Amino acid sequence: MTDLTQRYRDRIRDAMPAARDELATLVAFRSVADPRQFPVAECIGAATWVRDAFADAGIDRVELVETCDGSRAVIGHSPAPEGAPTVLLYSHYDVQPPGNEDLWHSPPFVLTDRDDRWYGRGAADCKGNIMMHLLALRALRADGPFPVGVRIVVEGSEEMGGEGLEQLVAEHPELFDADLIVIGDSGNAEVGHPTLTTTLRGIANVVVHVETLAGEIHSGMYGGGAPDALAALVHLLGTLRDDHGNTVVDGLDSTATWNGVPYPEDRFRIDAGILDGVGLPTTGAVADAVWARPALTVLGIDAPPVVGSAAAICPRASARLNLRVPPGVDATAAQDALVAHLEARVPWGAHLRIDREPVGEPFRAATDGPGYAALRAALESAYGRAVGTAGQGGSIPLCTALQRAVPGAEIALIGVEEPRCVIHAPDESVDPTEIENLAVAEALLLRSLGG
């Protein structure tokens, strides 16, 4: 370990207890960007806290910018010294809804220590990454002015689609101008194993509505002859998987392979919590299925619940479908293919309506620039081991928006969200050693780029 690495390590480790308290304050904001579920004041409170924290960390100009979807983005900028590059640090303060709070082992908006981890909604995704950025900047600032230009972008509606920030990028690309963009919304393959995420799948969701009858009718009197809308929907959804479970959509390639580091099946089964004896719905390797191929998930179905259901034939049913799109495939074209597939296969002439949701394009990073080289070196120094690369099945549409708006910038994805974090699920958590190590790496990165 170099003297510089040790210096930053000592500073950041000493700051971790205070960082834990700050993260607890930030997690306490119920910053779900949906006013139907939580008051808008919760998001405004989180945004204000983030703005003040980055200003205190030394960013010269930090402000809240209201975007077209009503969310507030935290935008800040400390100009670069003469001849030095500019690095943009991104994260988001909005979070997924907690879901059924009975499934949590501690209150979702109360940061709770358990099993050497910190539990709470947003502890990893993405408030833990905000703390990573803050710790790095504070450690760097202790030596004097920043050696590079620093831009701060903290989004307020990423979990609800991020349309507001995407439009802001398109309308004001100068706010995002940088040589290197570090997206703090990813994670290592496992705790302690530094990993760069080099690809992201896009997203092309639709909501499918099937209708067959004017209203409910008695299943004893009409069953067998009358078309059941729920059965039609189930039949239609079944055409999106083959006998092995692979996603099959007409016009989309389901045979691509991943050429980076593998994702061992035994680790994947543990990470995903797959029950004993349950097989994987793919004929390819795990990495092929989750990083290189389209994947169709049924997110929800509107149909009569089991409890209280009547002996009646269902006249209408709906489903929300999530199509993940691999790099190299246009998300709009993929959505078109999905719609055409469904329209061609609806049974019994059932009435079909398909509502399209906004698409997000897939992303592939260019990894041969000086920013990536500096980041690899910083991660290796902070973790004491070689850096791996991986894809990510999730989507960050902002990445492709930034590629268009700032074509000369390198874009790198790192973060605290390793698999045990179970982001978006009950009992989301973060390993504090990941916050510490990544903050050390980021401080080293900014110092090295400043010369």
Side-chain angles (χ1 to χ4, degrees), residues 16-17 19-47 49-50 71 91-132 154-161 184-188 190-191 267-276 278 297-302 305-307 320 322 392-395 415-436 438:
M16 286 299 292
R20 191 262 176 220
D21 292 341
E22 288 183 300
L23 184 58
T25 299
L26 193 51
V27 165
F29 290 106
R30 300 173 299 164
S31 50
V32 177
D34 185 351
R36 299 170 300 178
Q37 300 183 61
F38 293 95
V40 173
E42 296 286 337
C43 284
I44 294 175
W49 188 96
V50 171
S71 66
S91 192
H92 64 85
Y93 63 79
D94 69 303
V95 298
Q96 282 283 324
N100 184 351
E101 296 192 22
D102 291 340
L103 299 178
W104 289 74
H105 288 84
S106 52
F109 295 107
V110 177
L111 195 68
T112 304
D113 296 64
R114 190 167 68 248
D115 305 324
D116 298 321
R117 299 180 69 89
W118 299 341
Y119 287 78
R121 175 57 88 223
D125 183 20
C126 211
K127 294 173 179 179
N129 287 308
I130 293 173
M131 294 311 307
M132 170 188 75
V154 185
E155 188 174 0
S157 62
E158 192 273 345
E159 299 291 6
M160 296 299 161
D185 191 9
S186 184
N188 292 334
E190 57 184 307
V191 172
R267 195 178 82 226
F268 176 77
R269 296 184 70 89
I270 293 170
D271 292 346
I274 297 172
L275 300 180
D276 290 343
V278 178
T297 301
V298 180
L299 298 181
I301 292 181
D302 285 342
V306 171
V307 177
R320 183 170 181 239
N322 168 238
Q392 188 181 105
S395 304
V416 303
E417 302 163 26
E418 41 78 27
R420 289 184 61 197
C421 294
V422 293
I423 63 172
H424 296 197
D427 283 340
E428 177 183 350
S429 68
V430 67
D431 187 317
T433 65
E434 290 289 271
I435 297 177
E436 177 185 318
L438 285 161

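Because the structure is a prediction, the values reported are computed rather than measured.
- A ring-centre distance under 6.0 Å is not found for Phe29 and Phe38.
- Between Asp431 atom CG and Glu418 atom CD the span is 6.0 Å, to the nearest 0.5 Å.
- Inter-residue side-chain proximity for Val50 and Ile130 is flagged as met; some heavy-atom pair is nearer than 4.5 Å.
- The environment of CG in Asp116 is sparse: at most 12 heavy-atom neighbours from other residues, nucleotides or ligands sit within 6.0 Å.
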Go through the steps to decide whether Arg114 and Asp427 satisfy the test salt bridge (Lys or Arg N to Asp or Glu O under 4.0 Å), and finish with yes or no. CA-CA 11 Å; Arg114 190 167 68 248; Asp427 283 340; 3.6 Å; yes

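- One side chain, Glu434 or Asn188, offers a donor N or O that lies under 3.5 Å from an acceptor on the other.
- For the residue pair Met132 and Gly184, the shortest heavy atom distance occurs at CE-CA, 4.2 Å.
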Before you tell me yes or no, could you show the steps for Arg117 and Val191 under side chain to side chain contact (heavy atoms under 4.5 Å, CB included), namely the whole-Å CA-CA distance, both residues' side-chain angles and the distance that decides it to 0.1 Å? CA-CA 11 Å; Arg117 299 180 69 89; Val191 172; 4.3 Å; yes

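- When side chains are defined from C-beta on, Val430 counts as touching Ile435, because their heavy atoms get closer than 4.5 Å.
- Listed here is the closest heavy atom pair of Ser106 and Tyr119: OG-CB, 4.1 Å.
- How far CD of Glu159 is from OG of Ser31: 9.5 Å, rounded to the nearest 0.5 Å.
- Asn322 is not listed as a side-chain neighbour of Val298, based on a closest heavy-atom distance of 4.5 Å or more.
- Atom CD of Glu190 sits about 5.0 Å away from atom CZ of Arg267, to the nearest 0.5 Å.
- Contact of the Arg20 side chain with the Asp113 side chain is registered, since non-hydrogen atoms from C-beta on lie closer than 4.5 Å.
- Taken to the nearest 0.5 Å, the OG atom of Ser429 stands 10.0 Å off from the CG atom of Leu111.
- Atom-to-atom distance recorded for Phe109:CZ and Arg121:CZ is 7.0 Å, nearest 0.5 angstrom.
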Could you give me the CA-CA distance, side-chain angles and deciding distance for Val32 and Glu42, then say whether side chain to side chain contact (heavy atoms under 4.5 Å, CB included) is met? CA-CA 8 Å; Val32 177; Glu42 296 286 337; over 6 Å; no

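- Between atom NZ of residue Lys127 and atom OG1 of residue Thr25 there is a gap of 10.5 Å, rounded to the nearest 0.5 Å.
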Show, in sequence, the C-alpha distance, side-chain angles and deciding distance for Asp185 and Asp125, and conclude whether the side chain to side chain contact (heavy atoms under 4.5 Å, CB included) test is met. CA-CA 7 Å; Asp185 191 9; Asp125 183 20; 3.2 Å; yes

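- No side-chain heavy atom of Cys126 sits under 4.5 Å from any side-chain heavy atom of Tyr93.
- No hydrogens or angles considered: nothing links the side chains of Glu155 and Ser91 as a donor-acceptor pair under 3.5 Å.
- A 6.0 Å sphere centred on CZ of Arg269 holds more than 12 heavy atoms belonging to other residues, nucleotides or ligands.
- A donor atom on one side chain and an acceptor atom on the other are found under 3.5 Å apart for Asn129 and Glu417.
- A 4.5 Å side-chain heavy-atom check between Pro97 and Met160 finds at least one atom pair inside the cut-off.
- Using a distance-only test at 3.5 Å, with no hydrogens or angles considered, a donor-acceptor pair links the side chain of Glu428 to the main chain of Gly122.
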